[in-house]
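For reference, the structure is listed below as structure tokens.
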Amino acid sequence: MVGFIAACLTTCGLIPQVIKVLKTKDTESISIGMYVLSVAGMSLWLAHGIMQGDWAIILANAFSVTFAGIILICKIIYK
């Protein structure tokens with residue numbers, strides 16, 4: 001239960017940034033290095049969750065990779 005709550009909170013933390021970036025297309029203050037490392041790390045956590053069959057890790061990181069990936073793609077596109 002604690003894992004699902006933690007997963008929801010950390011994953012939902014990305015939503016305001018995704019919304020702001022999609023609305024404003026302003027990515028100047030976003031670090032591309034931070035998002036590259038974050039997406040890579042989240043992807044590895046997702047793979048780990050899949051190997052362990054841990055749904056809290058799988059769901060949290062699937063959504064986190066999606067949200068952080070959107071921000072990273074926008075950073076690349078909207079330089």
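Keep in mind it's a predicted model, so treat the numbers as computed, not measured.
Note: the hydrophobic cluster containing V65 also contains I19 (ILVMFWY, side chain heavy atoms under 4.5 Å, direct or indirect links). Both L22 and I76 sit in one connected hydrophobic cluster of ILVMFWY residues. Membership requires side-chain heavy atoms under 4.5 Å apart, directly or through other members. Hydrophobic clustering (side-chain heavy atoms under 4.5 Å, transitive across Ile, Leu, Val, Met, Phe, Trp, Tyr) groups M42 together with I71.
With sequence neighbours left out, the side-chain hydrogen bond (donor to acceptor under 3.5 Å, both in side chains) criterion links T11 to S64. Residues forming a side-chain contact (heavy atoms from CB on, under 4.5 Å) with V36 (at least two apart in sequence, or on another chain): I32, L72. Listed by chain and residue number, nothing satisfies the side-chain contact (heavy atoms from CB on, under 4.5 Å) test with A40 (two or more places apart in sequence, or in another chain).
For the atom pair NZ of K25 and CD1 of I77, the computed distance is 9.5 Å after rounding to the nearest 0.5 Å. Interatomic distance, I58 CD1 to L46 CG, rounded to the nearest 0.5 Å: 7.0 Å. To the nearest 0.5 Å, atoms CD (E28) and NZ (K75) are separated by 7.5 Å. Note: F67 CZ to C12 SG = 7.0 Å, rounded to the nearest 0.5 Å.
Proximity of V21 to I70: side-chain heavy atoms (C-beta onward) are nowhere separated by under 4.5 Å. Residues Q17 and I30 are in side-chain contact: their nearest non-hydrogen atoms beyond the backbone lie under 4.5 Å apart. Counting only heavy atoms from C-beta outward, the side chains of L59 and F4 approach each other to under 4.5 Å.
For the residue pair A60 and A7, the shortest heavy atom distance occurs at CB-CB, 3.2 Å. Minimum interatomic distance between I57 and W45 (heavy atoms only, all atoms of both residues): CG2-O, 3.2 Å. Nearest heavy atom pair, residue L14 against residue A68, reads CD1-N, 4.2 Å.
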